[in-house]
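Note that these values count all heavy atoms, side chains included, but never hydrogens, waters or copies made by symmetry. For clarity, every value in this text was computed on a predicted model and none was experimentally measured. Nothing fancy with the numbering, it's 1 onward along the sequence.
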Amino acid sequence: MHMDGVPLTTTLRSERCETPVIQLARVRDARRLVDMLRRTRQVIDVNKGALARLFQSGAIYSRVGSRLARELLLAHQQLLKVADLLARLSESESERFDARSVCEEVQALLSRTAVLTARSDGVLARR
């Protein structure tokens with residue numbers, strides 16, 4: 001017994017601080033989203049550069065160049081939508097989602113865009 005007449009075990013329990021529980025899976029998912037958002041923004045910048053080079057070189061006026069520019073513009077639109085979605089997901093804590101599948105889909109889009117950018121570099125190299 002404690003001096004106040006309160007059992008010692010009760011006093012110790014009530015004086016303990018509540019320890020926050022950190023869910024590591026959520027922390028990993030949040031990191032994945034932030035990393036994917038960063039990589040998506042980098043690819044958007046590379047995509048813009050490829051489009052600018054097509055316009056500056058005049059390759060946009062060839063059949064191959066115009067087709068490539070359309071594909072790059074479509075990829076640019078998709079990347080902007082994905083970046084917006086990733087930003088909203090990383091800010092939202094209430095929604096539950098499968099970060100792994102989201103990241104896999106984003107990675108597939110980033111890979112396709114990298115292929116398009118490489119093709120534009122090839123078109124410009126031939127000029």
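- To the nearest 0.5 angstrom, C103 atom SG is 13.5 Å from R31 atom CZ.
- Annotation: the span from K48 atom NZ to R53 atom CZ amounts to 13.5 Å, rounded to 0.5 Å.
- Hydrophobic clustering places L73 together with V64 (ILVMFWY residues linked when any side-chain heavy atoms are closer than 4.5 Å, directly or through intermediates).
- Residues satisfying the side-chain contact (heavy atoms from CB on, under 4.5 Å) test with A75, not counting sequence neighbours, are N47, T113, L116.
- The CG atom of L54 lies 10.0 Å from the OG atom of S66; values are rounded to the nearest 0.5 Å.
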Problem set entry | salt bridge (charged side-chain N to carboxylate O under 4.0 Å, His left out) assessment of R26 paired with D29 | CA-CA 5 Å; R26 281 193 158 189; D29 289 350; over 6 Å; no
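- One finds the CD1 atom of I60 at 12.5 Å from the CZ atom of R67 (value rounded to the nearest 0.5 Å).
- Using a 4.0 Å cut-off between charged nitrogen and carboxylate oxygen, D84 and R88 count as a salt-bridge pair.
- With M36 as the fixed residue, the side chain to side chain contact (heavy atoms under 4.5 Å, CB included) test singles out one of V82, V106, V102, L89: V106.
- The closest side-chain heavy-atom distance from R39 to D35 is below 4.5 Å.
- You'll find the side chain of L86 stays beyond 4.5 Å of the side chain of V34, heavy atoms only.
- Here CD of Q42 is found 10.5 Å from CG of L37. Values are rounded to the nearest 0.5 Å.
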Exercise. Given L72 and L68, is the side-chain contact (heavy atoms from CB on, under 4.5 Å) satisfied, shown in steps?
Worked result: CA-CA 6 Å; L72 282 168; L68 186 57; 4.3 Å; yes
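- One distance of note links CG of D45 with OG1 of T40; it measures 11.0 Å at 0.5 Å rounding.
- In summary, of the residues considered (Q77, H76, Q78), a side chain to side chain contact (heavy atoms under 4.5 Å, CB included) with L80 occurs for H76 alone.
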